Every structure is written in C-alpha cells, then in structure tokens.
Amino acid sequence: MTAATGPLPFFVYGTLRPGESNHAHFLHGRTAAEEPGRLLGAALYEGPGYPYAVPGEGEVVGELVTATPEAYGELLSALDLLEECRSPGHPRNLYEREVREVLRGDGRPVRAWVYVAAPRVARGLRASGTPIHGGDWLDRTGGTGSAGALSPRDRSVPRTP
C-alpha cells in the first residue's frame with residue numbers, strides 16, 4: 001500500500017461498481033461522488049466471480065468513488081478485508097492497494113486507490129488467465145457477474161450502515 005496524503009477516491013472496476021452486489025454492501029450510503037474513470041496501463045482478467053486488474057498494456061473501465069469524510073477510514077479497512085489485502089507485499093494477498101493515476105470521464109487525471117492483482121496472482125493470470133477484452137467487467141458480465149458474493153472467498157465482512 002503506497003503512502004498517500006489525505007483521503008483519495010477509490011477506482012472500482014468489478015463487483016464494487018454501481019449496480020453490482022458489493023456496491024450495495026459496501027458503498028451505498030458511504031459515497032459523496034461516483035463518476036466514470038479509466039485506469040491506463042492495466043489489463044483486466046476474469047477471476048472466479050470477480051475481476052483482477054493486472055499491470056500491463058491496455059485500460060480498465062470503472063468508476064471513481066469518493067467516500068464521505070465520516071465513512072472513509074472504515075471503508076478503507078472494509079475494502080482491504082474484502083480484497084484480501086493484508087499488508088504491502090504479504091504473500092497471501094489477493095490484491096495490493098496502490099495509488100495510481102486514473103482518468104476521470106473528462107480526461108483529467110486524479111490519484112486514486114486501486115486494488116490490483118498481487119504479484120503471485122498476476123503471474124498466474126498472465127500465464128493462463130482469461131483476459132476481459134475492452135477492460136470493462138460490465139460488458140463481460142452484462143451487469144450480473146458478481147453473483148451476490150461479498151468477497152473473493154465468500155467471506156462476509158461486517159459493515160456499519
């Protein structure tokens with residue numbers, strides 16, 4: 001997890017996007033703004049019910065989500081649990097939370113938190129994973145790919161409304 005100054009928006013590209021199951025479980029009522037965004041320099045791969053962004057050529061389509069100030073700290077912790085991001089470089093991480101430059105819908109860059117595939121996961125995806133061409137999870141799933149799962153390993157993460 002890269003150090004950052006002040007609260008940053010989150011770039012979400014899978015089950016946390018509006019209309020997907022984890023958006024309702026984790027973000028509903030905790031956001032001040034949601035807007036289209038694109039992550040350049042990454043490819044999107046299919047996971048078992050959720051996607052992984054992997055550094056590389058291409059772009060990933062998603063949303064920039066700005067948490068309300070009062071929800072930010074709790075949301076950061078909840079999303080780390082959801083994404084199985086224990087600490088930077090932890091060998092059991094599924095995702096790493098990184099500060100990346102994301103383009104807003106109008107093309108302006110903004111720094112945001114992005115959960116990308118942990119290195120061991122990324123290696124496996126590059127070797128034998130299924131890329132999502134066009135980088136848009138919703139195009140791949142038709143908006144129904146989340147299957148209602150709360151986390152990559154179907155583990156419930158409690159939240160405060």
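Remember, it's a predicted structure, so these values are computed and weren't measured experimentally.
- The OG1 atom of T66 sits 6.5 Å away from atom CD of E35, with the distance rounded to the nearest 0.5 Å.
- The residue from L64, V65, L79 that alone fulfils the side-chain contact (heavy atoms from CB on, under 4.5 Å) condition with V12 is V65.
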**OP:** With side-chain contact (heavy atoms from CB on, under 4.5 Å) as the test, would you mind laying out the steps for L138 and E20 before giving the verdict?
**Re:** CA-CA 9 Å; L138 298 184; E20 294 293 294; 3.5 Å; yes
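- The closest donor-acceptor contact from the side chain of Y13 to the backbone of A53 lies under 3.5 Å.
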Original post:
Does the pair L27 and L75 meet the rule for a side-chain contact (heavy atoms from CB on, under 4.5 Å), with working shown?
Top reply: CA-CA 8 Å; L27 298 174; L75 185 58; 3.6 Å; yes
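- Two residues are said to be in side-chain contact when any heavy atoms from C-beta on lie closer than 4.5 Å; R120 and L94 meet this criterion.
- Contact record, P51 with I132: CB-CD1, 4.3 Å, taken as the closest heavy-atom pair.
- For the pair L16/F10, no side-chain contact is recorded, criterion being any heavy-atom separation below 4.5 Å from C-beta on.
- Under the 4.5 Å side-chain criterion, counting only non-hydrogen atoms from C-beta, Y95 is in contact with Y50.
- Two residues are said to be in side-chain contact when any heavy atoms from C-beta on lie closer than 4.5 Å; R126 and P55 meet this criterion.
- Residues P18 and E34 share a closest heavy-atom pair of CG-OE1, 3.3 Å.
- E63 places none of its side-chain heavy atoms less than 4.5 Å from the side chain of H23.
- No side-chain heavy atom of E83 sits less than 4.5 Å from a side-chain heavy atom of N22.
- The minimum heavy-atom distance between N93 and V121, with the atom names listed, is O-CG2, 4.2 Å.
- Heavy atoms from other residues, nucleotides or ligands lying under 6.0 Å from CD of E70 number more than 12.
- Exactly one of R97, E84, E96, R100 qualifies for a side-chain contact (heavy atoms from CB on, under 4.5 Å) with Y115. That residue is R97.
- Following chains of ILVMFWY side-chain contacts shorter than 4.5 Å, one cannot reach L103 starting from V110, and the two form parts of different hydrophobic clusters.
- Criterion: ILVMFWY side-chain heavy atoms under 4.5 Å apart, direct or through other members. Under it, L39 and V61 are not part of a common hydrophobic cluster.
- Closest approach of W113 to L76, counting heavy atoms only: NE1-CD1, 3.8 Å.
- Annotation: the span from Y72 atom OH to R30 atom CZ amounts to 13.5 Å, rounded to 0.5 Å.
- Residues T15 and G49 share a closest heavy-atom pair of CG2-O, 3.7 Å.
- Residues R104 and D106 are not paired through a salt bridge, judged by the lack of any N-O separation under 4.0 Å between the basic side chain and the carboxylate.
- The nearest pair of heavy atoms linking Y52 to A117 is CD2-CB, 3.8 Å.
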